Amino acid sequence: MALVVQKFGGTSVGNIERIQHVASRVVETLDAGHRVVVCVSAMSGETNALVELATQAAGDDEPEPREFDALVSTGEQKTIALLSMAIHRLGRRARSFTGAQMGMLTDSAHTRARILSIDTDRLRKVLDAGIICVIAGFQGVDEDDNITTLGRGGSDTSAVAVACALEADVCEIYTDVDGVYTADPRIVSGARKLSRIAFDEMLELSSAGAKVLQIRSVKFAKRYGVPIHVRSSFEPDEGTWVVPEEDVMERLVVSGVTCNVNEAKIHVKKVPDQPGIAAQLFTPLGESNIVVDMIVQNLSSEGTTDMTFTVPRSDHRRALELARKVGGELGAESVEGDEDVAKVSIVGLGMKDHAGVATKMFSVFAAEGINIQLISTSEIKISVVIEEKYAELAVRALHAAFVEEGAAAPSFE
Ligand code: ADP
Ligand code: ASP
Ligand code: MG
């Protein structure tokens, strides 16, 4: 008997028929002799509609974060009740749990809270009684019982965190694609499904914008060694296993090409080139929970330097205000923001063993006439920032060069 956590995304629970379909899949797993926790998202479109309502209610201001979370978390609360009812209809027992009811304790960073602990005793008791636990993704509570949410796509993280806490055998992520592909299949028709991908590759792909898994879910799975199986809600076939590196057979030079159009760029011009400047600039951003992604500092000239960095687009306004304030104090010539950007990345474990990957990537951009604004690299990823309108073209061109014409891989070192 295994303990299985199954997560169903918004499209998979998008209407009552689909919820009924999910109920039968869950019941199949129960009837096969397993204990089942099901984690669900809000019905598709629901969270966006709630965000829109909040924006309308707040007018010119940002919605107050505590109330924003109280509102947007209601989408998942609807789904847990509906799915539990659909399971009852099939003659099996199920019990719904909000974040608070399952003891999903988070910090107080509204709209992007981090999970601190989960009260597994409550879930275990119900599971031991042969009852299916239907838990709300995306939400938790802080120590003062304020409702918090985990950021867009956060139900993946709820599911994997519960799987880790319960030491589940697997966390199955059911979604509207049948696995993790070499690129978003909606952008690249020739993308191919990977049978396995390493935790580190998936981490890089998620951070680079492949929204199939929220990055924090992959971090949890890696830390606790719980395998994730990404698969289709609608087809029975095996999907993609996200596993430790040693369990991946194929070390592809490029296993994924992805883009992120949810970032903004901030350019701080001519700040004094002295020790401590970067710390002064980035400390207020960190204190405001704004995650800075790429950072590039130009070579200094005449005692000053330029700093350019990217932040999530949803934080752009706040980040720009903070950067302008500090920039002013530091004597910067100007601080400008730009939302017309996209980050395009290639990821692959095999990059560790190959030379010339970056050169080949830059040649692809040159051939397409796309200007590169920023570049950053890690051992298994290269990212560039370009103008947003070229994002999909760039993904297709890189996929063609690195995956479809894989044989023309750069030479071995
Ligand atoms: P859910 O609502 O089930 O959480 P999401 O919309 O969050 O689903 O994530 C699934 C989507 O991720 C797919 O529909 C696909 O368009 C997108 N996606 C982006 N990159 C990839 C990739 N490399 N492989 C598979 N899907 C991807
Ligand atoms: N409903 C939330 C969202 O749309 C969480 C999730 O679906 O993972 O972002
Ligand atoms: Mg998602």
Side-chain angles (χ1 to χ4, degrees), residues 6-14 18 22 38-52 54 68-69 71-80 99 111-113 135-140 148-161 171-195 197 201-218 228 230-234 239-240 242 252 254-262 314 343-348 391-392 395-396 398-399 403:
Q6 302 184 320
K7 179 256 169 178
F8 291 86
T11 320
S12 317
V13 292
R18 289 195 173 165
V22 168
V38 200
C39 175
V40 281
S41 291
M43 295 164 81
S44 57
E46 179 79 15
T47 310
N48 286 345
L50 292 166
V51 170
E52 178 54 31
F68 180 87
D69 279 353
L71 177 71
V72 297
S73 60
T74 59
E76 273 71 13
Q77 190 167 339
K78 256 163 90 171
T79 328
I80 52 172
T111 77
R112 69 197 77 201
I135 65 171
F138 184 50
Q139 58 174 266
T148 54
T149 62
L150 310 179
R152 297 306 302 267
S155 298
D156 297 331
T157 302
S158 311
V160 176
C171 183
E172 297 181 325
I173 302 284
Y174 288 88
T175 182
D176 56 6
V177 274
D178 59 355
V180 179
Y181 277 69
T182 47
D184 186 339
R186 291 177 210 286
I187 297 178
V188 181
S189 54
R192 77 178 173 86
K193 188 167 95 180
L194 298 161
S195 56
I197 183 166
E201 285 175 304
M202 195 64 235
L203 276 176
E204 294 283 22
L205 274 182
S206 294
S207 87
K211 69 171 184 164
V212 61
L213 285 175
Q214 200 199 34
I215 183 165
R216 284 199 210 145
S217 68
V218 189
I228 299 181
V230 179
R231 55 194 308 194
S232 165
S233 289
F234 312 109
T240 302
V242 188
L252 297 170
V254 172
S255 54
V257 182
T258 192
C259 66
N260 185 348
V261 291
N262 292 316
S314 54
K343 182 175 73 172
V344 178
S345 311
I346 55 175
V347 173
E392 294 197 359
V395 169
R396 285 193 203 101
L398 290 169
H399 192 271
V403 183

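Just follow the structure's listing: the first ligand is 1, and inside any ligand the first atom is 1. Bear in mind the structure is a predicted one, so any value in this text is a computation, not a measurement.
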**Item:** Protein heavy-atom partner closest to atom 6 (C) of ligand 2 - residue, atom, separation in Å
**Value:** S155 OG, 3.3 Å

**Asked** So, are K7 and E172 salt-bridged, with charged N and O less than 4.0 Å apart?
**Response** no

**Message:** We want to know whether Q214 and T157 form a side-chain donor-acceptor pair, criterion being a heavy-atom distance below 3.5 angstrom.
**Reply:** yes

**Closest to atom 2 (C) of ligand 2 among Q139, K7, K211, E76 (heavy-atom distance)** = E76

**Request:** State which residues pass ring-ring contact (aromatic ring centres under 6.0 Å, His included) with F8; sequence neighbours excluded, sorted by chain then number.
**Result:** Y174

**Request:** Taking only heavy atoms of S41 into account, list the atoms of ligand 2 that are under 4.0 Å away from them.
**Result:** 6 (C), 7 (O), 8 (O)

**Asked** For T149, does its backbone N or O pair with a side-chain atom of Q139 as donor and acceptor, under 3.5 Å?
**Response** no

**Request:** Consider ligand 2: state whether an atom of it lies below 4.0 angstrom from any non-hydrogen atom of G9.
**Result:** no

**Prompt:** Under a 4.0 Å N-O cut-off, is there an ion pair linking K211 with D156?
**Reply:** no

I'd like the atom pairs linking ligand 1 to the protein - N or O on both sides, separation under 3.5 Å - with distances to 0.1 Å.
| residue | atom | partner | partner atom | Å |
| --- | --- | --- | --- | --- |
| ligand 1 | 2 (O) | G10 | N | 3.3 |
| ligand 1 | 3 (O) | T175 | OG1 | 2.6 |
| ligand 1 | 4 (O) | K7 | NZ | 3.0 |
| ligand 1 | 6 (O) | K211 | NZ | 3.2 |
| ligand 1 | 8 (O) | T175 | OG1 | 3.1 |
| ligand 1 | 14 (O) | D176 | OD1 | 2.8 |
| ligand 1 | 14 (O) | R186 | NE | 3.0 |
| ligand 1 | 14 (O) | R186 | NH2 | 2.6 |
| ligand 1 | 16 (O) | D184 | OD1 | 2.9 |
| ligand 1 | 16 (O) | D184 | OD2 | 3.2 |
| ligand 1 | 16 (O) | R186 | NE | 2.8 |
| ligand 1 | 23 (N) | Y181 | O | 2.9 |
| ligand 1 | 24 (N) | Y181 | N | 2.9 |

**Request:** Examine ligand 2 and decide if any of its atoms is less than 4.0 Å from a heavy atom belonging to Q214.
**Result:** no

**Complete:** When distances are taken from atom 9 (O) of ligand 2, the protein heavy atom at minimum range is R152 NE, 2.7 Å

**Message:** Taking atom NZ as the centre, does K193 end up with more than 12 heavy-atom neighbours from other residues, nucleotides or ligands that are less than 6.0 angstrom away?
**Reply:** yes

**Message:** So for G153, does at least one of its heavy atoms come nearer than 4.0 angstrom to any atom of ligand 2?
**Reply:** yes

**Request:** Please check if the side chain of S217 supplies one atom and the backbone of L213 the other of a donor-acceptor pair under 3.5 Å.
**Result:** no

**Prompt:** So, does S158 use its side chain to make a donor-acceptor pair with the main chain of G154 at under 3.5 Å?
**Reply:** yes

**Message:** To check you understand the geometry: which heavy-atom pair defines the closest contact between V230 and V180, and what is its length?
**Reply:** CG2-CG2, 4.0 Å

